[in-house]
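Accompanying notes for the structure given below.
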Number of protein chains: 2
Amino acid sequence: MTIEQELVKKLRSSNLRPTKQRLEICRVLFDRQKTFHFTISDLAQILNEKSKNKISLATIYNTVDVLKSKGHLKEISINSDKTFFDTNISNHHHFFNENTNELTDFYDEDISQIKIKKNIPGKKIKSVEVLVKVANNN
Amino acid sequence: MTIEQELVKKLRSSNLRPTKQRLEICRVLFDRQKTFHFTISDLAQILNEKSKNKISLATIYNTVDVLKSKGHLKEISINSDKTFFDTNISNHHHFFNENTNELTDFYDEDISQIKIKKNIPGKKIKSVEVLVKVANNN
DNA sequence: ACAGCAGTTTAGAATCGTTATAATGTAGAA
DNA sequence: TTCTACATTATAACGATTCTAAACTGCTGT
């Protein structure tokens with residue numbers, strides 16, 4: 001399947017018609033090798049630089065919201081200034097570089113196995129994610 | 001030392017004069033047995049109910065910001081709608097109940113020891129915190 | 001192919017949390 | 001008590017996000 005077909009499929013599976021705006025957004029999000037961490041304004045800026053006819057902010061918000069609710073994007077909370085999203089939707093962990101505000105993914109194989117020894121009655125664990133904050137020594 | 005003296009000390013150590021508004025805020029925050037998780041609007045509402053003369057939102061924001069920057073409060077990021085604060089400033093972990101949006105603390109003794117097997121060159125780990133999302137089974 | 005409609009995009013207004021402003025009030029040192 | 005630097009306040013400003021309603025378009029049925 002070509003990338004373009006993948007993108008269309010992703011949109012259709014979210015009950016979104018593959019319009020040119022949405023495809024443009026999806027290309028930025030998903031047509032890349034590495035995980036992409038972004039805010040709406042990052043994305044809007046990239047889209048503006050990339051294409052001649054600009055896409056309305058409302059469309060960007062709507063598309064990202066739907067992609068998120070359908071599980072194609074994940075929201076990550078590091079600080080509360082802005083909402084970050086992640087194209088890596090697997091259960092994974094983050095390094096947060098306090099000096100540069102950069103995020104780096106890491107996976108279960110990079111951490112010792114985590115066992116939670118306490119539970120909340122009547123509740124089931126849905127996810128376990130670790131946030132490691134790092135900074136320069138000085 | 002009485003609670004009231006503790007509160008005054010906490011304010012003075014933050015370079016804040018112990019005014020009646022600030023003391024009122026600190027009583028709500030720190031004069032309690034259990035950890036308190038709150039948003040600014042939670043706090044504002046409690047303060048309004050509690051005392052006759054209401055405290056300006058600006059004062060609440062300023063006081064909380066300073067207390068946070070001086071390490072008497074901790075900011076926690078769960079979702080990005082609102083900024084949450086925590087009176088528990090120790091390194092600890094959270095359960096987030098997706099059904100009720102409630103937060104519960106848990107500590108290192110409630111989890112297996114965590115070893116990070118990867119590192120970021122030139123950076124030092126400042127904190128490791130785990131977020132466990134839980135929800136009803138159905 | 002194309003008409004028609006449901007779904008989409010858009011600019012701009014509205015909203016909400018948070019921060020800034022500037023006038024008035026007050027804690028605390030002398 | 002007086003004075004000054006710090007605090008408080010109401011309100012304005014701001015920025016991210018959501019809403020609105022009018023114009024536009026993909027897609028289905030013909």
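One can place CD of Q21(B) at 9 Å from C1' of dT9(D), the figure rounded to the nearest angstrom. We find that CG of N15(B) is positioned 15 Å from C1' of dG28(C), with the value rounded to whole Å. The separation between L16(B) atom CG and dC6(D) atom P is 12 Å, rounded to whole Å. Rounded to a whole Å, the CG atom of D42(B) is 11 Å from the P atom of dT18(C). Spacing between atom CG of L23(A) and atom C1' of dT9(C) amounts to 14 Å, rounded to whole angstrom units. Protein atom CG of N48(B) is 11 Å distant from nucleotide atom P of dT9(D), rounded to whole Å. In this structure, CG of N53(B) is placed 21 Å from P of dT24(C), rounded to the nearest angstrom. The nearest whole Å value for the distance from the CD atom in E24(B) to the P atom in dA7(D) is 18 Å.
Picking from dA16(D), dC19(D), dT9(C) the nucleotide with the shortest atom distance to the side chain of A58(A) gives dC19(D). Listed nucleotides dA16(D), dG7(C), dT9(C) differ in distance to R17(A); the shortest reach to its side chain belongs to dG7(C). Side chain of R12(A), nearest nucleotide from dC27(D), dA7(D), dT19(C): dC27(D). The listed nucleotides are dT10(C), dA7(D), dC27(D); the one nearest the side chain of I55(A) is dT10(C).
Note on K20(B): nothing from the nucleic acid sits closer than 4.0 angstrom, heavy atoms only. If you check every strand for non-hydrogen atoms under 4.0 Å, T59(B) touches a base.
We find that E109(A) and K118(B) are not joined by a salt bridge, their nearest charged nitrogen and carboxylate oxygen being 4.0 Å or further apart. The existence of a salt bridge linking K74(A) and E129(A) is confirmed by a sub-4.0 Å separation between a basic side-chain nitrogen and an acidic carboxylate oxygen.
Within the structure, a side-chain polar atom (N or O) of T19(B) is placed less than 4.0 Å from OP1 or OP2 of dT8(D). Distances shorter than 4.0 Å separate none of the side-chain N or O atoms of Y61(B) from OP1 or OP2 on dT19(C). For K54(A), a side-chain nitrogen or oxygen approaches OP1 or OP2 of dA11(C) to under 4.0 Å. The phosphate of dT17(D) (OP1 or OP2) has a side-chain N or O of T83(A) nearer than 4.0 angstrom.
Taking the ring axis of F95(A) as reference, the NZ or CZ atom of K133(A) does not stay both within 45° of it and closer than 6.0 Å to the ring centre.
Under the 30°/60° scheme for interplanar angles, the aromatic rings of H94(A) and H37(A) are found to stand perpendicular.
DNA chain C is contacted by both D65(B) and L57(A); L57(A) maps to the nucleotide lying nearer its 5′ end (nearest heavy atom per residue).
Put simply, the side chain of H72(B) never gets that close to the backbone of L67(B): no donor and acceptor are under 3.5 Å apart.
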